[in-house]
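Reviewing the structure listed below.
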Amino acid sequence: MAEMTVIEAIRSTLAEELTSDDRTFILGEDVEAGGVFRATEGLAARFPGRVIDSPLAESSIIGISIGAAHYGMRPIAEIQFADFIHAGFDQLCSEASRWSYRTKGDSWLPMVVRTPWGGGVHGGQHHSQSIEAYYCHMPGIKVVAPSFPADYRSLLRAAIEDPNPVLFLEHKRTYRLIKQDVDDAPAETRLGRSRITRRGNDLTIYAYGLMLHESLAAADTLAGEGIDCTVVDLLTLNPLDKETVLEAAKMTGKVLIVHEDTLTGGFGGELAALIAEHAFEYLDAPIRRVAGPDIPAMPFHHAMEGFFMPNRDKIAAAARDLAAY
Amino acid sequence: MAAVRTRRDRSQTRIDDYLLSEAQLEEMYYHMLLARRLNERMLALNRQGRAPFVIAGAGQEAAQVGAAMALKKGIDYVAPYYRDLGVNLVFGMDAREAMLNLLAKRDDPNAFGRQMPSHWGNRERHVVTQSSVVATQLLHAVGIALAAKMRNDPIVVLASCGEGSTSRGDFHEALNFAGIHKLPVIFYIENNGYAITERTDKEMAIEHVADRARAYGIHGAVVDGMDAIRVYQTVAPAVAETRGGGGPYLIEAKCYRLWAHSSDDDDSRYRTKQELEEWARKDPIKLFRERVESDRIFPPEDLDEIEQRVDDEVKEAAQWAASQPDPAPEDALGFVYKEL
């Protein structure tokens with residue numbers, strides 16, 4: 001039995017990929033010393049010359065990875081906090097996402113950008129952000145946001161082996177919080193698939209990252225009250241597994257979407273639209289969303305941070321309302 | 001009438017003052033002239049309403065062709081920018097393809113109608129695909145050079161852009177990283193005096209872009225970009241040095257944008273006729289011909305023959321490309337993701 005935390009799952013997978021494919025290398029800030037979250041700890045010594053410290057310049061981390069991927073390498077870039085990826089937005093939006101499209105597949109980019117996202121660590125405005133909505137609005141980039149260690153392992157491997165740019169989102173609050181026996185657990189090996197993690201007849205909750213765990217905790221509580229929830233672990237946000245999303249909505253007819261990101265323009269809007277367009281006749285209630293409030297970013301003080309973040313109690317409260325509708 | 005010597009007859013021996021052979025000089029003239037004549041035909045097609053947009057490199061042919069000829073075709077990489085028709089011609093593009101690209105035809109191998117004209121890219125030829133965003137390609141060039149260094153491949157990457165692009169952060173990030181890792185990259189700046197309407201004194205407080213090389217611990221050089229031979233003589237040794245591990249170069253070719261920014265721009269708003277006339281006297285193609293004629297490298301008939309060949313090729317290419325199929329509307333779909 002191999003019980004692993006999320007960070008151990010990531011570190012072990014990076015080591016395995018560096019071992020099995022000599023085209024892989026890691027580029028990012030502080031990665032030679034192991035990175036601020038220790039995701040790359042020990043790798044620089046094991047793989048000399050293939051774990052490369054970058055200057056403090058995010059556009060270069062992504063732009064250089066693009067060039068290396070074009071040449072045939074499989075760069076694994078690390079952006080230290082998702083909040084700082086915006087300096088590389090242009091390289092992802094104007095370049096990476098269009099590389100295959102604008103050459104009609106003549107050129108392509110097998111590259112991964114890993115980055116820790118999400119709140120709950122007293123990270124304030126610039127170490128807590130959810131960035132997925134920006135990149136899910138970018139056809140050409142795949143966006144992956146796992147929740148459990150076994151999926152982190154299998155999907156990180158799939159991301160590295162994929163011939164396209166993949167933004168691999170790692171919820172930093174779960175790095176050491178979530179443990180799992182990765183040998184026995186189910187592991188999704190394909191990008192673009194979601195998983196129905198829990199089945200119940202009363203309503204369906206969609207979530208990813210830390211909020212998936214909070215949703216499962218809420219579902220446990222609700223089960224004791226006689227409300228049975230289906231919980232969907234989205235895993236890949238773009239391209240979205242529309243089939244599973246719709247199947248899960250049709251199963252219960254009541255939909256609750258949960259994300260940490262602020263409400264307006266958040267990924268939940270797209271999910272809601274998809275379900276409203278294609279499963280309208282199955283719905284028994286208006287679609288509900290639990291999300292961060294529409295303020296610019298997560299405040300630092302723990303009281304305000306707690307106010308910002310959805311959690312199991314807020315999810316359960318919304319679910320009770322929805323179940324009673 | 002004197003017998004016209006064919007290309008096969010040209011000597012491959014280096015001429016001392018030139019560091020180039022007769023065959024190379026002919027190639028140089030041919031590519032510069034082809035770039036200019038193609039651009040002229042493109043603008044004519046635009047004015048006739050047959051081509052929606054033209055962005056050209058007139059005045060920069062010597063800078064482009066001289067530099068590209070210093071590289072090893074098929075081995076080295078170029079990450080060009082939208083004025084670099086001359087670079088692309090040296091790297092294997094022909095007149096027909098240039099016209100397919102202008103007209104955004106279905107079979108344009110650069111972008112298949114999916115990008116504006118002059119956004120080149122061809123994986124097999126080692127021409128890196130580019131967007132309209134300036135200076136991003138400098139980082140791609142650095143990434144290619146990093147990868148090549150990791151694999152011990154003895155290649156050089158030449159990334160080019162205008163001086164206006166050097167204001168962007170990606171320029172600085174690229175030079176910084178390449179300097180730290182001593183990568184085999186040539187950052188090649190075609191300083192044509194203008195960033196659309198802005199003169200260089202609105203873009204930088206220094207006279208030479210190349211002065212910035214010192215700040216990144218890399219080599220810098222300035223060359224007369226209106227002189228193709230001088231350009232070649234400057235870039236070729238830099239290429240050899242960086243290939244041998246000597247670290248990156250920042251080379252600034254001083255040239256001039258003889259035409260407006262694009263077919264949509266009116267340059268009479270921001271520069272004088274007198275200025276244009278002064279620079280037209282230094283037209284790089286005219287200068288080249290004068291030099292090789294006065295040095296009696298080729299008889300004038302030979303140069304005339306090249307001109308005729310170029311004119312014929314351009315005319316034929318424009319006619320041929322016009323008859324090629326357009327993309328179907330639904331060709332907008334597909335290849336969002338690469339499938340292997």
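All chains are named by letter (A, B, ...) in the order of the sequence lines, taking the proteins before the strands, and each is independently numbered beginning at 1. Fair warning: this is a prediction, and the values are worked out from it, not measured in the lab.
Here the side chains of Ile180(B) and Pro55(A) are in contact, with some heavy-atom distance below 4.5 Å. Counting only heavy atoms from C-beta outward, the side chains of Thr103(A) and Phe335(B) never approach each other to under 4.5 Å. At a threshold of 4.5 Å between non-hydrogen side-chain atoms, the residues Arg123(B) and His70(A) count as touching. Between Asp170(B) and Gln91(A), some side-chain heavy-atom pair lies under the 4.5 Å cut-off. Residues Phe177(B) and Leu27(A) form a side-chain contact, since some pair of their non-hydrogen atoms from C-beta on lies under 4.5 Å apart.
Between chain A and the options Ala332(B), Ala141(B), Ser132(B), heavy-atom pairs under 4.5 Å are most frequent for Ala332(B). If you tally non-hydrogen atom pairs under 4.5 Å between each of Gln115(B), His172(B), Met150(B) and chain A, the highest count goes to Met150(B). Chosen from Ser59(A), Pro110(A), Pro139(A), Ala57(A), the residue pairing most often with chain B at heavy-atom distances under 4.5 Å is Ser59(A).
By the 4.0 Å N-to-carboxylate-O rule, Asp22(A) lies close enough to Arg151(B) to be salt-bridged with it. Residues Asp90(A) and Arg168(B) are paired through a salt bridge, judged by an N-O separation under 4.0 Å between the basic side chain and the carboxylate.
Distance check: Gln130(B) CD to Ser94(A) OG gives 13.0 Å after rounding to the nearest 0.5 Å. Put simply, NE2 on His140(B) and CG on Leu109(A) are 8.0 Å apart, with the number rounded to the nearest 0.5 Å. Put simply, CG on Asn122(B) and OG on Ser107(A) are 8.0 Å apart, with the number rounded to the nearest 0.5 Å. Taking CD from Glu173(B) and OG from Ser60(A), the interatomic distance works out to 4.5 Å, rounded to the nearest 0.5 Å. Atom OH of residue Tyr337(B) and atom CG of residue Leu191(A) lie 10.0 Å apart, to the nearest 0.5 angstrom. Taking CG of Asn110(B) as the start and NZ of Lys104(A) as the end, the distance is 13.0 Å to the nearest 0.5 Å.
Contact of Ile155(B) with chain A is made through the side chain alone, with heavy-atom distances under 4.5 Å. Ala79(B) does not touch chain A: none of its heavy atoms, backbone or side chain, sits under 4.5 Å away. At a 4.5 Å heavy-atom cutoff, Arg98(A) makes no contact with chain B through either its backbone or its side chain. Contact of Ala111(B) with chain A is made through backbone and side chain together, with heavy-atom distances under 4.5 Å.
One N or O on the side chain of Lys338(B) and one on the backbone of Gly105(A) form a donor-acceptor pair closer than 3.5 Å.
Around OH of Tyr134(A), the count of heavy atoms belonging to other residues, nucleotides or ligands within 6.0 Å does not exceed 12. Heavy atoms of other residues, nucleotides or ligands lying less than 6.0 angstrom from NE2 of His278(A) number more than 12. Other residues, nucleotides and ligands place no more than 12 heavy atoms under 6.0 Å from the CD atom of Glu270(A). Heavy-atom contacts from other residues, nucleotides or ligands closer than 6.0 Å to NZ of Lys182(B) number 12 or fewer. Atom NE2 of His181(B) is surrounded by more than 12 heavy atoms from other residues, nucleotides or ligands within 6.0 Å.
A pairwise comparison of heavy atoms in Tyr101(A) and Gly334(B) identifies CD1-O, 3.4 Å as the closest pair.
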**OP:** Give the intermediate values and the outcome of side-chain hydrogen bond (donor to acceptor under 3.5 Å, both in side chains) for residues Asn164(A) and Glu339(B).
**Re:** CA-CA 8 Å; Asn164(A) 296 284; Glu339(B) 308 217 354; over 6 Å; no

Subject >> Derivation of the side chain to side chain contact (heavy atoms under 4.5 Å, CB included) call for Phe25(A) and Leu146(B) >> reply: CA-CA 11 Å; Phe25(A) 71 96; Leu146(B) 175 69; 4.0 Å; yes

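When only modelled atom types and interatomic distance are considered, Thr129(B) and Arg102(A) share a side-chain donor-acceptor pair under 3.5 Å.
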